[in-house]
2 protein chains.
Amino acid sequence: MENEVKDEFKASSDGSICGFDSLYRLLKENLKPQHLEEVSRLLHGLNCGKALNTVTLPESAAALSLEHGFDLQAFSFHADKEQLREPRIVRVGLIQNSIALPTNAPFLDQKRAILEKLRPIIDAAGASGVNILCLQETWMMPFAFCTREKTWCEFAELVDGESTKFLKSFAVKYNMVIISPILERDINHGEVMWNTAVVIGNHGNIIGKHRKNHIPRVGDFNESTYYMEGNTGHPVFETAYGKIAINICYGRHHPLNWLAFGLNGAEIVFNPSATVGELSEPMWPIEARNAAIANSYFVASINRVGTEIFPNPFTSGNGKPAHADFGHFYGSSHFSAPDASCTPSLSRNQDGLIIADMDLNLCRQYKDKWVFQMTARYDLYADLLARYVKPDFEPQVISDPLLHKKSL
Amino acid sequence: MENEVKDEFKASSDGSICGFDSLYRLLKENLKPQHLEEVSRLLHGLNCGKALNTVTLPESAAALSLEHGFDLQAFSFHADKEQLREPRIVRVGLIQNSIALPTNAPFLDQKRAILEKLRPIIDAAGASGVNILCLQETWMMPFAFCTREKTWCEFAELVDGESTKFLKSFAVKYNMVIISPILERDINHGEVMWNTAVVIGNHGNIIGKHRKNHIPRVGDFNESTYYMEGNTGHPVFETAYGKIAINICYGRHHPLNWLAFGLNGAEIVFNPSATVGELSEPMWPIEARNAAIANSYFVASINRVGTEIFPNPFTSGNGKPAHADFGHFYGSSHFSAPDASCTPSLSRNQDGLIIADMDLNLCRQYKDKWVFQMTARYDLYADLLARYVKPDFEPQVISDPLLHKKSL
């Protein structure tokens, strides 16, 4: 299989970093400095001498990373100093992780083991002074939707359920906003299930929730068997640390979804995901960076890690034999900025915490510079979409009248 | 200046290719084959063993490239064989070029010199059997809009003017559709000017025109001084070789513009551009590839080459001294496909012709696979945009009620 990591690039058995762990590390280890500089200018948008700086974190965070074997990286984005506004620097953290126990372990053990696994990573974020932390999509369970088995619905939780309670204590302890993407069970609507991001304020209160707008039907992503398209619109949450929104997983393929969070005023849009190498890896940085550029906001991309193997083999609708694994979740969590720059990514193979300092003033600076919001001609598109959704829509096509004339 | 090519990367004086001529060549020359393979998988989307093949062109085309000193590259994209449809393979060519004479030469000489410069490159496309050829934005003149001087309006032409007549003969000779982006003068509407792509059919007839929808107001791109936002909607041209559309230059920053061509059924969208390194180079591959992925069509990106120096110094609105040059137009023309793959780019420094064979069946294959067109929920966005364009629009914001509570 293509998505298997080639021998040379396999992570060593002790989980330490080796070989092809991330694109940036591969290039850094193999290119001369002056070539790396030029490649970084293009690939990471580090134009105009505005280098991305690394940030030194407290020793306690580094110690947790070492002890528990997770990747830890931190960067800061550049923004200009303004005369009439103070900088609004926010420290944002993203956690990517594999599951903690095999999927055939008792469900209660699996749930508890994930919480215990995350504890030191969240502590590292707290020790690092992270203001807003986001976990990966349905972080409290294996990504079992490939199986189409309904037993996994047991993992679904209320918005103020076990996972939220667990995270609330960290939110209060570290004065931190936490975004918690879960599989939600909605008992006020007859046990409907949703793919939901719960936004926990820095006082431990629930600010609100957003439900995933776009549901995939591709490869092993049989998610439409479990939950439906969200009914919460495109909310932007005004938190103590800025205006944030959440575009869950497959929603990143829809430019209109990104746009809507921008129109509602988002300054950071989180994209908690679970996606595998063979399907989407080359798209992964493209879509996030495009959204950051087009909408003049920061994007925070999170993907889970590892290969999850399920008790019963399932088919993938691709003519190949039934198999029990969901391919390789390639991690590679990273940040993108409105100025087209982006950070290197976390490991493809290892749990990790990536942190970035961002001055939210950069969003308006790039709106003022490129004025996409003023040259967008939204009225044209409001009109087009209103016509398009009608069953009798006629596309604007100009046919060559000589189409069927024989060539000389 | 950041956008100046560093010593080590300068093209040699005879125009031959050396040093940092393109990102792909830099990586190819400096990475081990197995690393290059992995980097290409991510950067060029060459996933799943579907390698991008190079195409061998006729010797006559290679000879023209050698004689006239332009870069020549050709690739073919992979598509699956279908059972109920024959492949629909189209050969597409893109030309990038610098101007032919200094900008202080008499205008008539400049115009004629550009035509003469393009002749052998178009002949190479014809000799290579190109079906659809696209030139760069306002190819028939220097990109003088930085100056805000009105004298350059002299270069504007009628849709069926001198440039169109010149290209019609090639269209007939080579049975080729040609897209000709010009500065248009509209004498039927009181000398209004537009930034227009004229679509010439393979029998030399004018199929129609599209006028640039979105006009920049950034850096030296003072184009709104010269022409206004287009009034031709988002037409798709049904030609002998497939359904094509043109998203001119700055329109590539607007995902809605890309979307509209997709909704109207485009299979290839051309993006003839003129853009400089300091401003946009890291965005260049991102936006094109994102559009190809999100809309399940091919994208053909063209950018002019070289540094154009104007007779009178002008300011750039950036607090720096007046200067006479428009920065470096970095070429880098390339193709992107619906499967997230893309070709390497033409030279950053040299005129060039890039050719790709593409099976248009790939568009529907990717619509069937990812079903973005079915999971897009256009009704949500039609409603949102209709509300957004009203002056009293209220964004969907959920504020933390504890926003102003002091932390413990």
Side-chain angles (χ1 to χ4, degrees), chain A residues 2 20 23 26 30-31 35 38 42 45 47-49 175 201 203 205 207-208 214 217-218 233-239 253-256 260 263-265 278 282-283 286-287 289-290 293-294 340 369-372 375-376 378-379 381-382 384-386 388-389 395-400 402 407, chain B residues 2 20 23 26 30-31 35 38 42 45 47-49 175 201 203 205 207-208 214 217-218 233-239 253-256 260 263-265 278 282-283 286-287 289-290 293-294 340 369-372 375-376 378-379 381-382 384-386 388-389 395-400 402 407:
Chain A
E2 257 307 294
F20 178 48
L23 179 62
L26 188 155
N30 290 282
L31 291 176
H35 292 151
E38 197 57 24
L42 294 177
N47 225 350
C48 316
N175 193 28
H203 299 289
N205 55 312
I207 301 178
H214 300 270
R217 284 109 165 125
V218 55
H234 296 85
V236 166
F237 300 93
E238 190 180 20
T239 74
H253 303 300
H254 287 287
L256 284 167
L263 297 185
N264 285 325
E278 186 168 358
M283 301 178 178
I286 301 293
E287 294 160 322
R289 290 182 66 191
N290 191 74
I293 296 165
K369 177 174 179 178
W370 279 95
V371 294
F372 295 147
T375 56
Y378 294 117
D379 54 338
Y381 301 99
L384 173 63
L385 285 173
Y388 184 78
V389 293
Q396 184 188 358
V397 176
I398 300 174
S399 290
D400 184 348
L402 305 182
S407 294
Chain B
E2 257 307 294
F20 177 48
L23 178 63
L26 188 155
N30 290 282
L31 292 176
H35 291 152
E38 196 58 25
L42 295 178
N47 226 349
C48 315
N175 192 28
H203 299 289
N205 53 314
I207 300 178
H214 301 270
R217 284 107 166 129
V218 55
H234 296 85
V236 165
F237 299 93
E238 189 179 21
T239 74
H253 303 300
H254 287 288
L256 284 167
L263 297 185
N264 285 324
E278 186 168 0
M283 301 177 178
I286 301 293
E287 293 158 323
R289 291 181 65 191
N290 191 76
I293 295 166
K369 177 174 180 178
W370 279 93
V371 294
F372 296 147
T375 57
Y378 294 117
D379 53 338
Y381 302 100
L384 173 62
L385 286 173
Y388 184 78
V389 294
Q396 185 187 356
V397 176
I398 300 175
S399 290
D400 184 349
L402 306 182
S407 295

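The analysis underlying the following values was restricted to heavy atoms, covering all of them including side chains, and did not include hydrogens, waters or symmetry mates. Residue numbering restarts at 1 for every chain, and letters A, B, ... go by the order of the sequence lines.
- Listed for the A:Asn30 side chain is no donor-acceptor partner under 3.5 Å among the backbone atoms of B:Leu31.
- Heavy atoms only, all atoms of each residue included: A:His234 and A:Asn264 are closest at O-ND2, 2.8 Å.
- Using a 4.5 Å cut-off between heavy atoms, B:Ser399 contacts chain A through both its backbone and its side chain.
- The contact between A:Asn290 and chain B is made by backbone and side chain atoms together, counting heavy-atom distances below 4.5 Å.
- Of the residues considered (B:Asp379, B:Thr239, B:Asp400, B:Val218), B:Asp400 shows the highest number of contacts with chain A, using heavy-atom pairs under 4.5 Å.
- Of all the listed residues (A:Gly265, A:Ala294, A:Ala376), the one sharing the greatest number of non-hydrogen pairs under 4.5 Å with chain B is A:Ala376.
- The candidate with the highest count of non-hydrogen atom pairs below 4.5 Å against chain B, out of A:Gly208, A:Pro235, A:Pro395, is A:Pro235.
- The part of A:Ile293 that comes within reach of chain B is its side chain, from C-beta onward, which places non-hydrogen atoms under 4.5 angstrom from that chain.
- Here A:Tyr388 pairs with A:Phe393, B:Leu263, B:Tyr378 under the side chain to side chain contact (heavy atoms under 4.5 Å, CB included) rule; sequence neighbours left out.
- Rounding to the nearest 0.5 angstrom, the gap separating the CD atom in B:Glu287 from the CD1 atom in A:Ile286 is 10.5 Å.
- The most heavy-atom pairs under 4.5 Å with chain B, out of A:Leu256, A:Val389, A:Val371, come from A:Leu256.
- Note: B:Leu402 CG to A:Asn205 CG = 4.0 Å, rounded to the nearest 0.5 Å.
- No other option in A:Ile207, A:Val397, A:Ile398 has as many heavy-atom pairs under 4.5 Å with chain B as A:Ile398.
- Residues forming a ring-ring contact (aromatic ring centres under 6.0 Å, His included) with A:Phe372 (at least two apart in sequence, or on another chain): A:Trp370, B:Tyr250, B:His253, B:His254.
- The two residues B:Arg289 and B:Ala340 make their nearest non-hydrogen contact at NH2-O, 2.6 Å.
- Proximity to chain A is limited to the side chain of B:Leu384, based on heavy atoms less than 4.5 angstrom apart.
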